[in-house]
Asker: 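Here it is, the structure, as structure tokens.
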Amino acid sequence: MIDLHTHSNASDGQYSPSELMAIAAENKITAIALTDHDTVAGVNEARAAANRLGLKFFAGIEISAEFPKGTMHILGYNIDINNPELIKACEWSSNQRLERGERIFKFLESKNILLTRESVSKYAAGEALGRPHFARAMIDAGYVGTVSEAFDKYLDTPEFKDAAKRRKLSPEESIKLILNANGIPVLAHPISLKADENTLDDIVKTLISYGLAGMECYHSKHTPEMTDKYIKIAEKNNLFITAGSDFHGEKVKPNTTLGAAESLKFLEALEK
Ligand code: AMP
Ligand code: ZN
Ligand code: FE
Ligand code: FE
């Protein structure tokens with residue numbers, strides 16, 4: 001099995017990059033990409049661990065792009081992690097996330113949820129402070145029982161969005177950033193765009209005009225029917241078909257395991 005969408009504790013995953021690669025090897029994954037949110041800080045450690053374990057490894061990133069209606073994430077594969085513009089953009093995102101973090105503390109305080117900075121930062125080892133770090137601190141402090149309860153009640157509500165928006169790159173900037181770092185841009189989990197088939201086709205065509213090269217048709221949140229629909233749209237638009245679990249570890253995303261497809265033609269492009 002292969003898996004081209006995984007998260008480590010360099011962003012909001014549970015496991016360190018080395019631990020993640022060890023779990024992948026135990027689960028008979030043969031090729032894997034690390035795609036942390038808005039950071040490549042885990043890539044070197046993951047690559048070294050994957051090499052020791054005999055896993056094929058691809059450097060990746062998952063960039064959050066501005067998209068009014070749903071959530072747009074752009075994956076970048078085989079990126080040059082030393083590219084200066086990429087590094088600058090990651091630093092910018094990191095600062096946006098820290099600044100939003102302060103507003104999240106305030107928002108939660110207004111709901112009588114009092115968290116110490118330390119209870120959140122102990123889960124945020126890297127530069128990409130995210131909502132799952134808050135959700136885990138809320139569980140520890142007994143305010144909620146699960147991560148999804150934290151999101152449903154507090155972190156994914158319209159009120160939260162008003163109070164704790166963060167600035168993101170535009171879709172065009174995200175794609176160009178990846179291309180400029182010699183990477184391959186791929187639209188992550190199209191389900192999160194909340195678009196019908198025709199709208200998705202329009203969105204994809206616009207993204208292709210910026211340089212999009214692939215679409216993540218296989219994803220843990222897609223039903224088999226959705227996957228078929230996304231494959232159809234990808235093929236029609238000459239996009240690579242990619243696959244990822246979006247594994248974050250059981251404590252962050254229960255019920256998601258590593259492994260997203262048996263094999264993919266896209267691997268040939270990645271190995272070039
Ligand atoms: P952020 O980077 O702060 O926007 O947080 C994004 C992360 O939160 C992603 O890893 C998502 O998988 C996770 N997430 C978003 N919505 C939910 C939800 N309703 N339940 C659980 N996790 C979620
Ligand atoms: Zn995440
Ligand atoms: Fe995502
Ligand atoms: Fe992800």
Side-chain angles (χ1 to χ4, degrees), residues 3-15 17 20 33-39 41-42 60-67 70-77 90 92-105 107-108 120-121 123-139 144-161 163-169 171 174 178 185-194 214-222 242-256 258 260:
D3 198 330
L4 300 180
H5 188 158
T6 68
H7 294 271
S8 76
N9 68 356
S11 63
D12 55 6
Q14 176 181 346
Y15 297 107
L20 180 65
L34 181 71
T35 55
D36 275 311
H37 299 283
D38 303 319
T39 179
I61 191 167
E62 181 176 25
I63 298 179
S64 309
E66 193 58 50
F67 184 67
T71 297
M72 184 185 284
H73 287 170
I74 308 286
L75 296 158
Y77 292 108
C90 290
W92 180 82
S93 292
S94 178
N95 287 329
Q96 297 300 323
R97 284 173 172 282
L98 285 174
E99 188 262 336
R100 176 192 62 162
E102 287 308 309
R103 283 183 283 129
I104 296 180
F105 280 113
F107 172 79
L108 292 175
V120 176
S121 66
Y123 291 124
E127 55 182 15
L129 179 62
R131 285 173 289 166
H133 302 124
F134 284 87
R136 293 178 74 188
M138 287 161 76
I139 294 173
V144 291
T146 63
V147 169
S148 59
E149 189 187 344
F151 273 86
D152 291 347
K153 287 195 179 148
Y154 302 103
L155 303 172
D156 201 18
T157 61
E159 200 188 347
F160 174 91
K161 276 172 199 148
K165 270 201 288 286
R166 89 186 136 88
R167 287 170 66 205
K168 296 170 184 164
L169 298 180
S174 307
I178 292 165
V186 169
L187 176 64
H189 42 65
I191 185 182
S192 73
L193 297 174
K194 301 192 165 93
M215 182 153 89
E216 189 177 51
C217 298
Y218 297 89
H219 181 273
S220 51
K221 285 233 177 87
H222 296 165
T242 80
S245 66
D246 219 345
F247 181 81
H248 283 68
E250 317 66 54
K251 289 203 170 145
V252 182
K253 270 197 188 181
N255 312 322
T256 303
L258 282 170

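We're numbering straight along the sequence, starting at 1. Each ligand, and each atom within it, is numbered from 1 in the order the structure gives.
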Asker: If the threshold is 4.0 Å, N to carboxylate O, is there a salt bridge linking D246 and K253?
Answerer: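 So D246 pairs with K253 through a salt bridge.
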
Asker: At the Zn ion (ligand 2), what is the angle formed between atom NE2 of H248 and atom OD1 of D12, rounded to the nearest 10°?
Answerer: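 H248 NE2 and D12 OD1 form an angle of 80° at the Zn ion (ligand 2).
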
Asker: Backbone N or O of I74 within a donor-acceptor pair of the E62 side chain at under 3.5 Å?
Answerer: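 Side chain of E62 to backbone of I74, a donor-acceptor pair under 3.5 Å: no, none is there.
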
Asker: Does only the side chain of K168 get under 4.0 Å from ligand 1, or the backbone, or both, or neither? Count heavy atoms.
Answerer: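 It is neither; nothing of K168 touches ligand 1.
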
Asker: Is there a donor-acceptor pair closer than 3.5 Å between any side-chain N or O of H222 and the backbone N or O of S220?
Answerer: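 Not a single qualifying donor-acceptor pair exists.
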
Asker: Of the protein's non-hydrogen atoms, which lies at the shortest distance from atom 11 (C) of ligand 1, and what is that distance?
Answerer: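 Nearest neighbour among protein heavy atoms for atom 11 (C) of ligand 1, to 0.1 Å: K253 CE, 4.4 Å.
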
Asker: Considering the heavy atoms of H37, write down every atom of ligand 1 situated less than 4.0 Å from one of them.
Answerer: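 Those of ligand 1 that fall under 4.0 Å from H37 are 9 (C), 10 (O).
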
Asker: Taking atom 3 (O) of ligand 1 as the point of reference, which of H73, H248, R100, R166 owns the nearest heavy atom?
Answerer: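 Among H73, H248, R100, R166, the closest heavy atom to atom 3 (O) of ligand 1 belongs to R100.
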
Asker: Name the closest protein heavy atom to atom 4 (O) of ligand 1, giving the residue it belongs to and the distance to 0.1 Å.
Answerer: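 For atom 4 (O) of ligand 1, the nearest protein heavy atom comes out as R131 NH2, 2.9 Å.
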
Asker: Around Y77, counting heavy atoms of other residues, nucleotides and ligands shown, do more than 12 lie under 6.0 Å from its OH?
Answerer: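 Check passes, neighbour count above 12.
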
Asker: For atom CZ of R167, is the number of surrounding heavy atoms from other residues, nucleotides or ligands below 6.0 Å larger than 12?
Answerer: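 No.
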
Asker: Without swapping roles, check the side chain of T35 against the backbone of T6 for a donor-acceptor pair under 3.5 Å.
Answerer: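 A pair under 3.5 Å: yes.
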
Asker: What atoms of ligand 1 come within less than 4.0 Å of a heavy atom belonging to R97?
Answerer: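 So the answer, numbered in order with elements, is 1 (P), 2 (O), 3 (O).
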
Asker: Got the closest protein heavy atom to atom 17 (C) of ligand 1, with its distance?
Answerer: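 Looking at atom 17 (C) of ligand 1, the protein heavy atom closest to it is F151 CD2, 3.3 Å.
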
Asker: Could you list which atoms of ligand 1 come closer than 4.0 Å to a heavy atom of P132?
Answerer: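 Per the distance check, 5 (O), 7 (C), 8 (O).
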
Asker: Provide the tally of protein N/O/S atoms nearer than 2.8 Å to the Fe ion (ligand 3).
Answerer: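 Atoms of protein N, O or S type lying less than 2.8 Å from the Fe ion (ligand 3) total 3.
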
Asker: Can you check whether R166's main-chain N or O pairs, donor with acceptor, with R100's side chain at less than 3.5 Å?
Answerer: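 No, because the side chain of R100 does not come within donor-acceptor range (under 3.5 Å) of the backbone of R166.
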
Asker: Show your reasoning for whether salt bridge (Lys or Arg N to Asp or Glu O under 4.0 Å) applies to D156 and K161.
Answerer: CA-CA 7 Å; D156 201 18; K161 276 172 199 148; 3.4 Å; yes

Asker: Can you check whether S64's main-chain N or O pairs, donor with acceptor, with D38's side chain at less than 3.5 Å?
Answerer: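 Yes: the side chain of D38 pairs with the backbone of S64.
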
Asker: For F107 and F160, take the angle between the two ring planes, folded into 0 to 90°, and tell me which bin it lands in: parallel under 30, tilted 30 to 60, perpendicular over 60.
Answerer: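 It falls in the perpendicular class, over 60°.
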
Asker: Between H73 and H37, how do the two ring planes meet: parallel, tilted or perpendicular, split at 30° and 60°?
Answerer: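 Aromatic pair H73/H37 classed perpendicular.
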
Asker: As an exercise, identify every atom of ligand 1 less than 4.0 angstrom from a heavy atom of G130.
Answerer: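 The list of qualifying atoms is 3 (O).
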
Asker: Looking at I191, is its backbone amide N or carbonyl O close enough to the side chain of H189 to form a donor-acceptor pair, meaning the two atoms are under 3.5 Å apart?
Answerer: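 Looks like no, no N/O pair under 3.5 Å.
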
Asker: Could you find the nearest protein heavy atom to atom 7 (C) of ligand 1 and give me its residue, atom name and distance?
Answerer: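 So the nearest neighbour among protein heavy atoms is D12 OD2, 3.5 Å.
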
Asker: Mark up the atoms of ligand 1 that fall under 4.0 Å of a heavy atom belonging to D156, in ascending order.
Answerer: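 Here the atoms of ligand 1 in question are 19 (N).
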
